[in-house]
A.B. asks: 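This structure is in structure tokens; I'll ask about it shortly.
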Number of protein chains: 2
Amino acid sequence: MARKTKAEAAATREALLDAAEDIFLEKGVARTSLEQIARHAGMTRGAVYWHFKNKCDLFQAMLLRVRMPFEELAEEANNSGLANDPLSAIREACRQGFSRLEQPRYQRVHAILIHHCEVFGDIDPLAMQNEIAEETLVALTGYFAHAADMGLLRQGLSSEIAAGLFQSMLGGLFHDWLRNHQRFSLIERGTALVDAQLSLMRA
Amino acid sequence: MARKTKAEAAATREALLDAAEDIFLEKGVARTSLEQIARHAGMTRGAVYWHFKNKCDLFQAMLLRVRMPFEELAEEANNSGLANDPLSAIREACRQGFSRLEQPRYQRVHAILIHHCEVFGDIDPLAMQNEIAEETLVALTGYFAHAADMGLLRQGLSSEIAAGLFQSMLGGLFHDWLRNHQRFSLIERGTALVDAQLSLMRA
DNA sequence: AAGAATACATACACGAGTGTATGGAAAGTG
DNA sequence: CACTTTCCATACACTCGTGTATGTATTCTT
């Protein structure tokens, strides 16, 4: 085969990553070969080994195309100027995260990470999930503590328990939705649950 | 090798399943070979292929040694004579499930099912999780509807939303705990969260 | 415009894992 | 006490996937 222009080469690289998303999601990471990925992108294994060192490298490249939603959730919660209303800040951060995850690429990659890959090379999805969960819990605890100081929380509800309840609820919702996203809309059901939970927690 | 007595043969079968639990949990299902399982049990692959048809059959046999806690959770919640207090019935059913899952074998097998195996042969772990989640949601909806009829729920809180919140919270808690169970006690944290959530929901 | 680098396709060697076939010694069975 | 069956080890053939080496037409460089 002949050499292609730089733009074409970049396009085949993206096509390989797209194909990897498709087949990883369908068959799981461990059960898919580089041959299957290449064929699904209309290429051969030669293209894969030119653009990526091996399967693990390709997997990492696939992850780099999306950012973790919870990280952005924490970021955007900090950036939102609602520091005087921490509970509303939590709500808006959740809605931001929901709409991010509804984008097909985000949804597919996260579904692969959480439900379709095992420990794999030097990538440990469970460790990544643990980090994300811990970050989320810390961020939520801060916001609920702030809310408690302002007297916004129902009496008898500590900020630690509130943060734990909220984080578990969010995690369960994400797992449910990623398992089969066509059953319900994440934004609709997510905001309904978030609003209900915050309403229960408000003084 | 020589033939062993029936009891000894059954013991080696259990030893093979124990070894499978260990290595599946450590390395993931896809990355473990039958050779590794056999060696970890002090046997060879001949023993594995005598007791099981293949890897998928061994996996199913491993699953059969534990039963789904949610099914039994619902059963025992029905059997408990707390029909006049649905919220307390939910609490007790959850505590039953927590103590079940704290048993090492239950914890290990469920951690494997949820976090350490992909789609695999004719076994689809995600489908199993979907079934369990659906059953749980239906059961919870029934109990919360009963509670709503009795006026036990806070006004403005529908039984569907209450069930959704509770199921997501339970699911998130399970995923968190199964990811690394040494971080906290499921019974302690679980009952704390369940009590807090039910307290928020009570009228 | 000529050499060098690029972007793949093709071909090959290699190991790892699987499934099966065979062997054999002890346990059950009558 | 023969005789069959059981329980497992060993050995072999086979497939699948990987990694690398090589070829090659084209694009980029100067």
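Just so it is clear: chains get the letters A, B, ... in the order the sequence lines come, proteins before strands, and each one is counted from 1. Values below: every heavy atom of this structure, side chains too, minus hydrogens, waters and symmetry copies.
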A.B. asks: Expressed as a whole number of angstroms, how long is the span from F52(A):CZ to dT18(D):P?
C.D. replies: 14 Å

A.B. asks: Could you give the OH-to-C1' distance, from Y49(B) to dT6(D), as a whole number of Å?
C.D. replies: 20 Å

A.B. asks: Heavy-atom count around R65(A) CZ within 6.0 Å, excluding the residue itself: above 12?
C.D. replies: yes

A.B. asks: Nearest whole angstrom, please: distance from the C1' of dC16(D) to the NZ of K55(B).
C.D. replies: 14 Å

A.B. asks: Please check the phosphate of dC7(D) (OP1 and OP2 only) for any side-chain N or O of W50(B) closer than 4.0 Å.
C.D. replies: yes

A.B. asks: Taking only N and O in the side chain of H51(A), is any of them less than 4.0 Å away from OP1 or OP2 of dA7(C)?
C.D. replies: no

A.B. asks: Heavy atoms from C-beta onward define the side chain here; which of dG19(D), dC28(D), dA9(C) lies closest to that of M43(A)?
C.D. replies: dA9(C)

A.B. asks: Would you compute the distance between atom CG of L16(A) and atom CZ of F52(A) and round it to the nearest 0.5 angstrom?
C.D. replies: 5.5 Å

A.B. asks: Can you sort out the partners of S185(B) under side chain to side chain donor-acceptor pair (under 3.5 Å), two or more places apart, ordered by chain and number?
C.D. replies: E102(B)

A.B. asks: Give the B/S/- string for nucleotides 10-17 of chain C, one per nucleotide from 5' to 3', where a protein heavy atom under 4.0 Å of the base yields B, of only the sugar-phosphate yields S, and otherwise -.
C.D. replies: B------S

A.B. asks: With rounding to the nearest 0.5 angstrom, report the CZ to OG distance, R91(A) to S199(A).
C.D. replies: 11.5 Å

A.B. asks: Identify which nucleotide among dA27(C), dC8(C), dC7(D) has an atom closest to any side-chain atom of K6(B), counting heavy atoms from C-beta outward.
C.D. replies: dC7(D)

A.B. asks: Measuring from I37(A):CD1 to D18(A):CG, what's the distance to the nearest 0.5 Å?
C.D. replies: 11.5 Å

A.B. asks: Between D57(B) (CG) and dG19(C) (P), how many Å, whole number?
C.D. replies: 11 Å

A.B. asks: Rounded to whole angstrom units, what separation is found between the CD atom of E8(A) and the C1' atom of dC28(D)?
C.D. replies: 14 Å

A.B. asks: Check this one for me: any side-chain N or O of T5(A) less than 4.0 Å away from OP1 or OP2 of dT26(D)?
C.D. replies: no

A.B. asks: To the closest 0.5 Å, what do you measure between CE (M62(B)) and CG (L58(B))?
C.D. replies: 8.0 Å

A.B. asks: What residues form a side chain to side chain donor-acceptor pair (under 3.5 Å) with D22(A), not counting sequence neighbours?
C.D. replies: R108(A)

A.B. asks: Please determine, for the side chain of A9(B), which listed nucleotide (dC8(D), dT18(C), dG19(C)) has the closest atom?
C.D. replies: dC8(D)

A.B. asks: From C-beta outward on N54(B), which listed nucleotide comes closest to its side chain: dT18(D), dG19(C), dT6(C)?
C.D. replies: dG19(C)

